[in-house]
Amino acid sequence: MTPETTAPAAHPGTPAPLRLSREELLAALRARGEEQRELHAAALNVKKRVYGDDVVLRGVIETGNVCRVNCTYCPMRRDNNRDNSSFFMSASEILERAGHIKDAGINVILLQAGETPKAAAVVLEALPRIVAHFDGAVEVILNLGSLGYQSYRRLREAGATTYILKHETSSDLLHAETRFEKLSQRIQEWYLARDAGFRMGTGIISGLPGQDYESLADELVFLRSMDPDMISVSPFVPAPDTPMADVPPGNVDDALNFLALTRLEHPHALIPSVSALEKNASGGQGAGIAAGANVMTINFTGDHQGEYLIYGKQRYVVKTEHVSRVLARNGARRAGSVWVGSSARRATAPAAAR
Ligand code: SF4
């Protein structure tokens, strides 16, 4: 298989990316009341011009909960590995769960796990079987952490098409304090994965300690240089058994305004309305759809769901019924992958920021 990067066919009259000044970004991030409604309506209008009423559904399988990284906000951090009940799905288990996703009429599969070579190896084994099970008509997204160029190539050649490697924050200091890695390393990995032929997703956490509106504006400017195919924003969720358990949750309005701005600045991006929005505010995911998001993810992890502690045991697990309600309330309709069957080719990857 030849790795390639493609974009969905643009609808006629596709809006150009907006480039707001710093003052405009700051005002939009702070918007509340009528100004906020106008911001979200403008973002929704852009989303509709590109994607109509469609919201892409994807099914996530969390394939393992052991991680070699030690993020201060995550209960699956390395320091907790010994105390957590650990699991790795086998390739056959992953395939079985992928079958449930196919049966649900969904053709986008997200495989995610804590960062370990073992999790990547099992996914590598499962990938050709998943692709064969869907007769090739499937988009497989991976979220397995920093693995290095050769691993990305193998995973791409085995049939995965998209890779999510979130940098979470583009602040050197905050990145080092929360992830104990250099931001530059993470960004280098992101471009390595892109060079290996993946479409690329990234994401940030809003509401981290020390962040302010200036920092969020910095994040939006940073995203311009990356030009990702997918962008997520998750309001910070304080999780038990982490050094950040007592930090207040991230403000959902801030996250929604950030989401709306990503839509205005990246009209074609796939932008999920994430479960953290719902966790921090009931109705948060519907508000995300109303602010320009066009992706929702349904959990198909099955028996191991309770052991995948991304926000602790009390996380909000998204089910099909919830997604159906959110879509109905927002006049949206479920859709499949924008990539499967698309022949449009993306321009070459931007060289900026490498
Ligand atoms: S957020 Fe991801 S990389 Fe960080 S500790 Fe948790 S599972 Fe590992």
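For ligands, and for the atoms within them, numbers begin at 1 and follow the listed sequence.
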Inset, instruction - For the pair His268 and Tyr51, evaluate side chain to side chain donor-acceptor pair (under 3.5 Å) and give the outcome as yes or no after the intermediate values. - result: CA-CA 8 Å; His268 281 96; Tyr51 291 111; 5.9 Å; no

Inset, instruction - Would you tell me whether Arg129 and Ser92 have side-chain atoms, one donor and one acceptor, within less than 3.5 Å of each other? - result: yes

Legend entry - Charged N-O contact under 4.0 Å between Arg22 and Asp218: yes

Inset, instruction - Give the C-alpha distance, both sets of side-chain angles, the deciding distance and a yes or no for side chain to side chain donor-acceptor pair (under 3.5 Å) between Glu219 and Ser170. - result: CA-CA 6 Å; Glu219 298 294 350; Ser170 66; 2.9 Å; yes

Inset, instruction - Establish, from distance only, whether the side-chain atoms of Glu307 and Asn84 form a donor-acceptor pair under 3.5 Å. - result: no

Inset, instruction - Please name all residues satisfying side chain to side chain donor-acceptor pair (under 3.5 Å) with Asn280, sequence neighbours left out, ordered by chain then number. - result: none

Legend entry - Within less than 2.8 Å of atom 8 (Fe) of ligand 1: protein N, O or S atom count: 1

Legend entry - Under-4.0 Å heavy-atom contact between protein and atom 2 (Fe) of ligand 1: no

